[in-house]
Amino acid sequence: MSIVVVKAGLQTSVQANARTGYRHFGVPWSGPADPLSMSLANRLVGNAPTSTALEVTLGGVKLLFSEATAFAVTGATSHLHLNRVSVQPHTTLFAEAGDVFEIGGVTAGCRNYIAVAGEIVAQSFLGSQSTYLPGGFGGLDGRVLRDGDELQLRRGPQPERTQTPARLRPFFNDRFTIQVVAGPDFEKLTSPEKVLGAELTATARCSRMGVQLSGTSVEVFGTEQLKSCAVFPGTVQCPPDGQPFILLSDSQTTGGYPHILQVMKTDRFQLGQIKQGAAIRFILRSPAYALESYRQRWAAYSDWLSEPVI
């Protein structure tokens with residue numbers, strides 16, 4: 001059983017669970033840029049939340065199913081068609097042998113996730129099948145998909161048709177309010193208001209490594225001799241040019257730029273949906289608020305998802 005990639009799109013890769021436990025060796029997490037959307041797609045086809053799925057960046061994908069199977073799509077707001085008939089996201093869909101599924105243009109957000117009942121066969125490395133593009137491992141030969149690739153599938157139980165409850169569906173409109181806590185260098189900001197509450201814009205430097213923001217010029221004092229330290233997805237750094245940079249799932253494990261903010265875990269999934277031109281506002285919260293917010297968010301999803309992947 002397989003899926004033929006007729007059109008691979010701009011950047012489509014196989015993602016699964018984050019590659020945790022190896023950051024002290026310099027190995028990033030990788031995994032989905034938007035883990036919440038991927039877990040919701042897997043839920044609709046009866047898979048575990050971190051089962052292998054396809055991460056599609058800015059649409060443009062066409063897939064051919066060799067056999068009948070169930071699949072689901074979540075994430076960015078996009079034009080979805082099965083055999084040229086419009087279909088809906090967050091719904092269990094059923095393809096027959098020879099059916100063609102397409103993701104056209106993206107109208108809001110950045111990335112879609114396609115899950116298939118069973119499992120997409122992928123290469124495992126250090127406990128994860130996720131593709132880490134800079135290192136060239138995991139997924140399908142450690143690379144993005146290409147036109148003509150054939151993805152092998154392990155058949156799983158075919159699920160009944162279901163939908164993600166409306167209250168659990170994330171909504172993306174290219175205007176992001178991101179909650180953050182103070183990073184270790186926050187107190188060194190000369191003008192915190194330049195990054196907190198101001199409307200910033202995602203620049204063309206926007207990838208799985210991170211997102212650069214324009215619309216402000218941040219100054220940090222007393223960091224001339226700053227040593228490299230650990231950073232994580234959701235870290236907001238301030239390079240010498242003064243333009244904040246948010247790290248994403250493929251980011252490095254250490255960095256020497258000032259670490260001014262850290263995105264709350266409850267909001268980190270949103271980072272994977274930011275594309276060039278999107279508007280971002282940061283709101284500062286306390287660590288206690290961040291912890292309680294995560295507890296409440298997971299409580300809201302716990303009846304639907306079996307693991308806390310958000």
Residues, nucleotides or ligands: over 12 heavy atoms within 6.0 Å of K194 NZ: yes

Over 12 non-hydrogen atoms of neighbours within 6.0 angstrom of CD in E292: yes

[X]: what forms a side-chain hydrogen bond (donor to acceptor under 3.5 Å, both in side chains) with it, not counting sequence neighbours?
X: Q276; value: none
X: S51; value: none
X: R281; value: none

Carboxylate-amine/guanidinium proximity below 4.0 Å for K188 and D185: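 Result for this pair is yes, salt bridge flagged.
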
Electrostatic pair R155-E119, nearest N-O below 4.0 angstrom: no

Shared-cluster residues of F125, by chain and number - hydrophobic side chains joined below 4.5 Å: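 Taking Ile, Leu, Val, Met, Phe, Trp and Tyr as members, F125 shares its hydrophobic cluster with Y22, F25, V27, L126, Y132, F137.
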
Residue that, paired with L36, satisfies side chain to side chain contact (heavy atoms under 4.5 Å, CB included) out of L305, L168, T266: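 Result: among L305, L168, T266, L305 is the only option passing the side chain to side chain contact (heavy atoms under 4.5 Å, CB included) with L36.
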
Sequence-distant partners of T77, side chain to side chain contact (heavy atoms under 4.5 Å, CB included), two or more places apart: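 Per chain and number, T77 pairs via side chain to side chain contact (heavy atoms under 4.5 Å, CB included) with T107, A108.
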
Quiz item: cation-pi between R285 and Y289, 6.0 Å / 45°: yes

Please output the side-chain donor-acceptor pairs of residues 94-106 that fall under 3.5 Å, not counting sequence neighbours, one pair per line with the distance.
{"residue": "D99", "atom": "OD1", "partner": "N83", "partner atom": "ND2", "Å": "2.8"}
{"residue": "D99", "atom": "OD2", "partner": "E96", "partner atom": "N", "Å": "2.7"}

Under 3.5 Å: donor-acceptor pair, side chain of D34, backbone of Q270: no

